[in-house]
Amino acid sequence: MGSYERYLLDQWRHDAFGAYWRQPAIYGRGHYDRFPDVPTLHMSSWYDPYVRSTIENFTAMGRLKRSPAYLVMGPWKHGLRCVTFAGDVDFGPASTLSGNVDASYLSFRQRWFDAVLGGGDPESIPRVRYFLMGGGDGRRDEAGRMRHGGRWHTDTQWPPAGTRETAFYCHTSGELSRERPTATRAWVEYDFDPNDPVPTLGGQVTSGEPVMVGGAFDQVPDERFYGARPPYLPLNSRPDVISLATPPLEEPLVVAGPVTARLFISSSAPDTDFTVKLVDVHPPNEDYPHGFAMNLTEGIFRCRFHESFEHPEPLEPGEVYEIEIPAPDTANRFEAGHRLRVDISSSDFPRFDVNSNTGVPEAVSRRKVVATNRVHMDADRPSAVLLWTRPG
């Protein structure tokens with residue numbers, strides 16, 4: 001067994017939060033008081049697994065320290081700062097760090113160190129520089145990737161100035177709307193079978209090849225994706241995926257900031273998972289006759305931790321719980337004619353391990369059971385996705 005495999009299995013066995021996870025190299029938020037008060041630069045990208053920790057560290061350093069903190073967020077996969085694409089989507093020549101943010105990554109670092117340590121002007125470096133995805137024509141380029149486009153923006157804060165938290169409510173009709181539901185009792189339910197999980201199609205993934213690959217993909221599986229089977233229907237056609245979408249947008253809409261699903265759920269099982277995925281649905285064109293459903297970010301919540309990540313507690317079958325599913329931040333411009341879509345399910349494998357629905361930790365479970373899971377969508381239990389938005 002390789003050292004990396006041992007490392008992963010060791011993490012898997014520590015399912016509850018405890019001393020193992022409080023190590024400074026893993027749990028930054030528990031050790032911010034030990035961080036020196038010096039300028040800090042935090043860099044990641046929208047298809048990198050470290051989006052949340054990068055932005056959380058930037059925010060904490062800016063709040064707790066007197067020295068300035070800086071944030072750079074690109075559209076790439078982990079470390080690929082000079083590549084214009086992630087998965088099957090290309091963001092255009094403006095998307096790389098080299099030639100746009102600076103002449104090169106090394107020259108950018110030198111300029112930053114000169115500004116904050118070498119007697120230069122720290123205010124000459126924007127506190128926040130982020131790539132806002134979107135604005136492309138949605139057609140296929142010569143390499144076979146969808147042109148989604150985008151451009152760099154600067155700001156003094158994150159989420160960007162001018163954005164505000166906006167609730168998009170779930171309706172049993174399948175609509176995602178800013179209007180709250182009014183029904184007295186309403187829900188959508190499905191059976192989640194751990195033996196047939198929803199396959200991972202891109203996302204904030206690294207170190208997963210060849211089992212999985214990160215980036216942006218049309219949410220229609222093919223032979224490249226682990227667990228996908230013919231006839232390769234769209235993921236949101238599965239009976240265990242609740243897919244909700246806005247009508248085609250009349251005006252562009254910018255989503256830039258944290259993504260949080262606040263769901264009211266119940267289950268027949270003592271434990272289960274709920275997942276959420278934010279999708280930009282491009283309208284059909286000649287290259288993509290069925291449109292292109294581009295994944296932006298996704299998150300998961302394991303329900304036995306509904307009270308605490310330290311002390312798991314089983315669900316009471318049929319009882320309704322309010323849970324929050326955080327997904328990594330994103331920045332995307334939904335063009336007019338596009339739809340904003342949210343897919344809710346209970347698995348995303350192999351990116352996330354599959355819940356056995358038994359309440360037994362997955363590393364030692366020997367059984368799997370089918371769970372009937374509900375998402376409630378009524379006036380008293382208005383499930384919603386919270387996004388930071390501004391007009392485009």
Side-chain angles (χ1 to χ4, degrees), residues 1 4-21 26 49 187-205 207-208 211-212 221 225-229 235-243 261 263-277 298-327 343-376 383:
M1 182 187 297
Y4 193 56
E5 186 176 11
R6 284 195 298 270
Y7 166 71
L8 292 175
L9 292 176
D10 194 30
Q11 289 190 339
W12 198 34
R13 284 189 289 269
H14 289 85
D15 66 313
F17 184 72
Y20 177 89
W21 296 108
I26 300 176
W187 64 77
V188 176
E189 69 178 13
Y190 57 89
D191 288 337
F192 161 45
D193 183 354
N195 291 303
D196 183 24
V198 178
T200 296
L201 268 62
Q204 290 90 0
V205 172
S207 302
V211 179
M212 53 183 165
F225 299 101
Y226 183 88
R229 297 191 301 269
L235 289 188
N236 69 335
S237 69
R238 290 175 57 114
D240 58 352
V241 175
I242 302 174
S243 192
L263 304 182
F264 293 86
I265 61 91
S266 58
S267 178
S268 64
D271 184 35
T272 194
D273 290 347
F274 283 88
T275 63
V276 63
K277 181 183 296 181
E298 56 274 313
I300 190 168
F301 185 80
R302 184 145 289 170
C303 290
R304 66 175 178 266
F305 298 108
H306 63 277
E307 291 290 343
S308 165
F309 286 108
E310 295 181 273
H311 306 292
E313 294 185 14
L315 300 177
E316 291 294 332
E319 184 174 335
V320 178
Y321 298 84
E322 181 179 356
I323 63 171
E324 285 197 354
I325 310 174
D343 292 347
I344 299 170
S345 189
S346 291
S347 55
D348 184 352
F349 182 76
R351 181 180 178 189
F352 301 111
D353 66 335
V354 180
N355 198 316
S356 67
N357 297 331
T358 63
V360 177
E362 284 64 34
V364 296
S365 177
R366 293 176 178 270
R367 296 176 53 248
K368 296 178 183 178
V369 298
V370 175
T372 299
N373 292 340
R374 284 183 179 178
V375 178
H376 297 261
S383 294

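Of the inter-residue distances, the one linking Lys277 atom NZ with Ser243 atom OG reads 10.0 Å to the nearest 0.5 angstrom. Here Asn195 contributes atom CG and Ser356 contributes atom OG; the two are 10.5 Å apart, rounded to the nearest 0.5 Å.
Using a distance-only test at 3.5 Å, with no hydrogens or angles considered, no donor-acceptor pair links the side chain of Thr372 to the main chain of Asp191. Of the possible donor and acceptor atoms, none in the side chain of Ser347 sits under 3.5 Å from a partner among the backbone N and O of Val354. A donor-acceptor pair is defined here as one N or O able to donate and one able to accept, closer than 3.5 Å; no such pair exists between the side chain of His311 and the backbone of Ser308. Looking only at distances, no side-chain donor or acceptor of Ser267 sits under 3.5 Å from a matching main-chain atom of Thr272. In this structure, the side chain of Ser365 does not engage the main chain of Val360 through any donor-acceptor pair within 3.5 Å. Of the possible donor and acceptor atoms, one in the side chain of Asn357 sits under 3.5 Å from a partner among the backbone N and O of Val369. Between the side chain of Tyr226 and the backbone N or O of Phe349, no donor-acceptor pair lies under 3.5 Å. At least one donor-acceptor pair closer than 3.5 Å links the side chain of Trp21 to the backbone N or O of His14.
Side-chain contact between Leu201 and Pro221 is present, with at least one heavy-atom pair separated by less than 4.5 Å. Looking at Ile325 and Ile323, their side chains come closer than 4.5 Å, going by heavy atoms from C-beta outward. Looking only at side-chain heavy atoms (C-beta outward), Pro199 and Leu235 come within less than 4.5 Å of each other. Within the 4.5 Å cutoff, no side-chain heavy atoms of Phe301 are placed close to those of Ile265. Within the 4.5 Å cutoff, the side chain of Arg374 has no heavy atoms near those of the Ile242 side chain. Asp348 is not listed as a side-chain neighbour of Ile300, based on a closest heavy-atom distance of 4.5 Å or more. Looking at Leu315 and Pro270, their side chains never come closer than 4.5 Å, going by heavy atoms from C-beta outward. Side-chain atoms of Arg6 and Asp10, non-hydrogen and from C-beta on, never get closer than 4.5 Å to each other.
Here the closest heavy-atom approach between residue Arg351 and residue Glu298 is recorded as NH1-OE2, 2.6 Å. In terms of heavy-atom proximity, Pro312 sits nearest to Phe305 at CB-CE2, 3.7 Å. In this structure, Val375 and Ser383 approach most closely via the heavy-atom pair CG1-OG, 3.7 Å. Looking at every heavy atom in both residues, Phe192 comes nearest to Asn373 through CB-ND2, 3.8 Å.
For Glu316, the CD atom counts as loosely surrounded, since its 6.0 Å shell holds 12 or fewer non-hydrogen atoms of other residues, nucleotides or ligands.
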Report task. Please test Val241 against Ile344 for side chain to side chain contact (heavy atoms under 4.5 Å, CB included), starting from the C-alpha separation and ending with a verdict. Result -> CA-CA 6 Å; Val241 175; Ile344 299 170; over 6 Å; no
Requested in this report: Give the intermediate values and the outcome of salt bridge (charged side-chain N to carboxylate O under 4.0 Å, His left out) for residues Arg302 and Asp15.
Outcome: CA-CA 10 Å; Arg302 184 145 289 170; Asp15 66 313; over 6 Å; no
Requested in this report: Could you check Asp196 against Arg238 for side chain to side chain contact (heavy atoms under 4.5 Å, CB included), going step by step and ending with a plain yes or no?
Outcome: CA-CA 11 Å; Asp196 183 24; Arg238 290 175 57 114; 3.8 Å; yes
Requested in this report: Step by step, work out the side chain to side chain contact (heavy atoms under 4.5 Å, CB included) result for Thr200 and Phe225.
Outcome: CA-CA 7 Å; Thr200 296; Phe225 299 101; over 6 Å; no
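Between Phe274 and Tyr190, the two ring planes are perpendicular [angle over 60°; tilted spans 30° to 60°].
For Phe264 and His376, the gap between ring centers reaches or exceeds 6.0 Å.
For the residue pair Ser345 / Asp240, no side-chain donor-acceptor distance below 3.5 Å is found, with atom types taken as modelled.
Checking each of Lys368, Arg367, Arg304 against Glu362 for a salt bridge (Lys or Arg N to Asp or Glu O under 4.0 Å) leaves exactly one that passes, namely Arg304.
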